[in-house]
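Because only heavy atoms are used, hydrogens play no part in the values below, and waters and symmetry mates are left out as well, while side chains stay in. Remember, predicted model here, so these are calculated numbers, not experimental data. Each chain gets a letter, A, B and so on, in the order the sequences are listed, and its residues count up from 1.
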Amino acid sequence: MPELPEVETVRRGLQPAMEGALVTAVETRRPELRFPLPGNLAEALTGHHIAALGRRAKYLAIELDDATVLVCHLGMSGSFRIEETATEAPGGFYHERSKDVAHDHVILHLRGADGRARRIIYNDPRRFGFMFLTTRADMQSHPHLKDLGIEPTGNALDAEALAQVLHNRKAPLKAALLDQRAIAGLGNIYVCEALWRAGLSPKRAARTLVRADGAPTPRCALLAEAVRTVIADAIAAGGSSLRDYRQADGSLGYFQHTFAVYDREGQPCVRPGCSGTVRRTVQSGRSTFHCTTCQK
DNA sequence: CCTTGAACCTGGGCGC
DNA sequence: TGCGCCCAGGTTCAAG
């Protein structure tokens, strides 16, 4: 589920409920995620106010008033939801609404800036997600974040920057774009979609978009543009809701309805004038969807 | 350095 | 209905 647009959607959904709120209690119902939760999680958060919600690539950053930062990665199946509560006391008022509560692993009890009590609940069936504590000062150099590449939002990702990270890379474009050290935040869906928008084959060697002197080719500029716009469009749509994934407020993103190739094996290419068919292949162990007729 | 593949986990969908 | 198999938005290791 969560590539950059989904994490940004989660951030925007949580922001009104979390910013300025006081953490009144923290419950850890199952501490074994991809990595164990910090042992001092409750101690580090309880009694502090949440100063801001940030994001870097696919990581959500919950910043506290003492410059502590709780960094969360949603893995493949992680999500947050907000529950309004009549009490802020942990336990006792936990309603078993669905079988899914078995995968509610972390619960932040808050008293919002509006004085209302709420629970922020992290649910993750596959437990590929993880959380760690750092500080504003140390965040950039943290092992999980220090090698992240260009953020595909804003202006940073232009043809020159993309050429720089693809220079001399023999790997196929698909693999190069999935590499978080090059561009940070793309996953399987948006790599497939960006390559279709740029009309480039996922099998093409990354270095073929860069001239010998390191300058970007026209195709490189096309790809940089495609990545920026697919990410911007997906954020504007509230991300993609695959399976039953929902935003923090319970609503569904709708970008999945505009997929050109992802999960569309066998269907006709939607590019005007193209009579090709979307094919599914496997690259580095993951499904690639692309049109062999118009992606070269 | 680069690349690929396995591992981590649960659940849904499909064929039989 | 049930079982077994394949597949799924990601990251991190180990091995070639």
Side-chain angles (χ1 to χ4, degrees), chain A residues 1-11 29-37 55-60 71-80 98-105 122-132 142-149 152 165-194 202-207 230-231 234-235 237-248 252-259 261-266 280-289:
Chain A
M1 166 259 304
E3 303 181 33
L4 187 156
E6 289 72 41
V7 178
E8 177 61 19
T9 299
V10 167
R11 189 191 72 76
R29 303 176 83 237
R30 177 140 197 189
E32 305 90 7
L33 301 185
R34 174 70 200 269
F35 309 110
L37 286 171
R55 181 193 55 74
R56 170 72 169 111
K58 302 174 191 172
Y59 292 85
L60 181 72
V71 181
C72 308
H73 194 292
L74 304 183
M76 292 276 267
S77 59
S79 64
F80 281 97
S98 70
K99 60 175 181 173
D100 224 27
V101 299
H103 303 298
D104 289 349
H105 305 308
Y122 179 70
N123 180 285
D124 188 355
R126 292 177 74 180
R127 283 186 282 125
F128 284 176
F130 52 98
M131 301 184 187
F132 56 91
H142 191 280
H144 281 116
L145 304 175
K146 66 179 168 59
D147 292 323
L148 291 174
V165 295
L166 299 184
H167 189 49
N168 277 344
R169 291 202 56 168
K170 282 184 270 193
L173 278 174
K174 173 75 188 296
L177 295 185
L178 279 176
D179 186 344
Q180 302 297 297
R181 297 169 302 183
I183 301 174
L186 300 184
N188 208 30
I189 293 175
Y190 297 111
V191 166
C192 291
E193 293 298 311
K203 301 183 195 312
R204 169 190 281 271
R207 63 197 299 178
V230 77
I231 291 296
I235 290 173
S240 304
S241 295
L242 265 49
R243 323 258 180 280
D244 58 355
Y245 171 71
R246 285 169 182 277
Q247 298 178 22
L252 296 166
Y254 54 87
F255 192 77
Q256 69 277 10
H257 301 302
T258 69
F259 289 166
V261 287
Y262 184 81
D263 208 18
R264 299 191 70 239
E265 180 182 17
R280 175 183 175 274
T281 56
V282 175
Q283 286 180 287
S284 43
R286 316 199 51 189
S287 288
T288 292
F289 298 90

- Query: Considering residues at least two apart in sequence or located in another chain, which fulfil the side chain to side chain contact (heavy atoms under 4.5 Å, CB included) criterion with A/Arg11?
  - Reply: A/Glu8, A/Gln15, A/Leu53, A/Arg55, A/Leu60

- Partner of A/Tyr190 under ring pair (Phe, Tyr, Trp, His ring centres under 6.0 Å), chosen from A/Phe255, A/Tyr262, A/Phe289: A/Phe255

- NA contact type, A/Phe255, heavy-atom cut-off 4.0 Å: base, sugar-phosphate, or nothing? nothing

- Message: By nearest atom, which of the nucleotides C/dT12, C/dA8, B/dT10 is closest to the A/His103 side chain?
- Response: B/dT10

Mind checking side chain to side chain donor-acceptor pair (under 3.5 Å) for [X] and listing every partner two or more places apart, or none if nothing turns up?
| X | answer |
| --- | --- |
| A/Arg56 | A/Glu151 |
| A/Lys58 | none |
| A/Gln256 | none |
| A/Arg264 | none |

- Message: Give me the stems containing DNA chain C, sorted by first residue, counting only three or more consecutive Watson-Crick or G-U pairs with both distances under 3.5 Å; say none if there aren't any.
- Response: B:2-8 with C:10-16, B:10-16 with C:2-8

I'd like a table of atom pairs between the protein and nucleotides 6-8 of chain B - only N or O on both sides, under 3.5 Å - with the distance next to each one.
none

- Item | Residues touching DNA chain B, which here means a heavy atom under 4.0 Å, drawn from residues 166-180 of chain A | A/Arg169, A/Lys170, A/Ala171

- Item | Under the salt bridge (Lys or Arg N to Asp or Glu O under 4.0 Å) test, residues paired with A/Arg169 that sit two or more places apart | A/Asp179

- Looking at residues at least two apart in the chain, or sitting in another chain, which of them share a salt bridge (Lys or Arg N to Asp or Glu O under 4.0 Å) with A/Arg280? none

- Note on the structure: Applying ring pair (Phe, Tyr, Trp, His ring centres under 6.0 Å) to A/His144 and not counting sequence neighbours gives A/Phe35, A/Phe130, A/Phe132, A/His142

- Message: Would you measure the distance from the P atom in C/dC13 across to the matching atom in B/dC9 and give it in whole Å?
- Response: 14 Å

